[in-house]
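Residue numbers begin at 1 in each chain, while the letters A, B, ... track the order of the sequences.
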Amino acid sequence: MVGIADSTSGVVDPDGVDVGAAFDRKNREGTVGTADPGAVLAAEYDVLVEATPTTLGDAEPGFGHCRRALDRDRHVVLANKGPVAERYRDLRALERDSDGRVLFGATVGGAIPVVSTVEAFGTGDVTAVRGVLNGTANFVLSRMTAEGLGYEHVLAEAQDLGVAEPDPSFDVDGIDAALKCTILANLLTGGDPEYTLDDAEVEGIRDIPGSALELAAEDGRTVKLIGEATAEGVRVGPRLVGANDALAVSGTRNIVRIETETAGDLAISGRGAGGPETATAVLADVDRLR
Amino acid sequence: MTDEGRDPEVDVRTYTVRLELADEPGELLRALEPIAESGGNLLSIFHERGSLTPRGRVPVEVDLECPPAKFDDLVESVREAGVDVVRAGAEEYREVVSVVLVGHLVETDLSDTLERLESCPTASVVDLSLNAPEGRDDVSSARIRLAVEGGAADVALSTVREVAEEKDLRTIEPLVEEGPS
């Protein structure tokens, strides 16, 4: 690790940053070092791990960071969904002109190796990827179903537990799941056609009453916020699935079902979000670059 | 990581089977046991008491879920148990899809909603359950089960979407798997 930057500060050491000290400083003073964040982007490194918050539209500043790295023939490992969800083609074009590569396993499914598994099958063989891709929304629906509680009640509980953000819209309105599915749709098409969040059909879970969940349960079903990515597009919304269906995971758990032309379905379930989970996915990508 | 494949446990469909039973104790159980034993999951049983067929038997409609690959064996095992399975042809088997509607269902004329769904040539409404809790600003939910001809679920669901959109109702559609099966 030769450099760390946050939004206002940076630390660079060609012999290796003292990571513990940088984190202590961050916790104590709110900065990782005395340098400018720009100094980190300008430093000598092999791989840029781009983990700034996901932004929509032009996906800046994340996209610009990727551009700077690729222009210098450096590799990029993304945890930020913006560049691959909103500017997939632009990013791939930069990659083509570079000796650096772009890997983005951490952008979909947290610790679940969704992107690398789709690539392992070969994107031509995968007809669809469907699943539960947002742990917060799944937690809320699971609790509402299991306890017969209302949306607002369960959301407040999720916020107390740290499962939901103070502003939960990204999760409960389906945007986070839609970004992940947009990335997967781009992966399936190779960016032709290219998808962005605007192309996705997105519905969230905010206005689902307990009465609907009860009716689903009486019929041996459950309501899940399901994301679907195919070469034809992206759809996210609450759907009825069999209570015993593989996709009916509960709590914050995520699951994806990769549907293939020749080899049937493969379902992978695990932790879809969180610091250690995202770090695991980032480091797996870094390893892949060796 | 678990390899589900096209796991028969995962890839299930809903079927409606019409049976005719002798009006004797134990007959229903005799019909249902082989269904469960063949891997079918019973969803509902519509036992029309008091209504007899011309042959003096009791018509029973059973909705069940099972993997498509197991369905023929399941029907055979019911027959082997001595139960009449009524079917003129394969098209007698219908797929039942459930959909939940949320919103101002009563105010937007529920019976009109149902009529509109019935007008879809490939679907008919099997039943409706309304869940309208009191004191909750009039938002209610309804589960509608539609019997659709094999493969026509998409058509039926797009009719549902159309009607729901017009009446500003929210639809929770079933996840219907596309692609090869």
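- Of the residues considered (A:V241, A:V223, A:D207, A:I112), A:D207 shows the highest number of contacts with chain B, using heavy-atom pairs under 4.5 Å.
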Set out, in order, the CA-CA distance, both residues' side-chain angles and the distance that settles salt bridge (charged side-chain N to carboxylate O under 4.0 Å, His left out) for B:R143 and A:E214, then state yes or no.
CA-CA 10 Å; B:R143 184 189 65 236; A:E214 285 169 17; over 6 Å; no
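- At a 4.5 Å heavy-atom cutoff, the contact between A:L247 and chain B is made by side-chain atoms alone.
- Looking at heavy atoms from C-beta onward, A:R235 lies in side-chain contact with B:E173 at the 4.5 angstrom threshold.
- Inspection of non-hydrogen atoms places B:R161, B:R170 of residues 158-170 of chain B under 4.5 Å from chain A.
- Residues B:L43 and A:R221 meet the side-chain proximity criterion, which asks for heavy atoms closer than 4.5 Å.
- Residue B:I172 comes nearest to A:P238 through the heavy atom pair CG2-O, 3.5 Å, listed as atom of the first residue, atom of the second, then distance.
- By the neighbour-count criterion of 12 heavy atoms within 6.0 Å, atom CD of A:E147 is densely surrounded, having more than that number from other residues, nucleotides or ligands.
- Within 6.0 Å of atom CZ in A:R271, 12 or fewer heavy atoms from other residues, nucleotides or ligands are found, so the atom counts as exposed in its surroundings.
- Nearest heavy-atom pair, A:S211 versus B:S141, reported as atom, atom and distance to 0.1 Å: OG-OG, 2.6 Å.
- At a 4.5 Å heavy-atom cutoff, A:A128 makes no contact with chain B through either its backbone or its side chain.
- At a 4.5 Å heavy-atom cutoff, the contact between B:V102 and chain A is made by side-chain atoms alone.
- B:S98 OG to A:L215 CG: the interatomic distance, rounded to the nearest 0.5 Å, is 10.0 Å.
- Counting non-hydrogen atoms of other residues, nucleotides and ligands closer than 6.0 Å to CZ of A:R101 gives a total of 12 or fewer.
- Using a 4.5 Å heavy-atom cutoff, the side chains of A:L240 and B:L175 are not in contact.
- Using a 4.5 Å cut-off between heavy atoms, B:V99 touches chain A through its backbone atoms (N, CA, C, O) alone.
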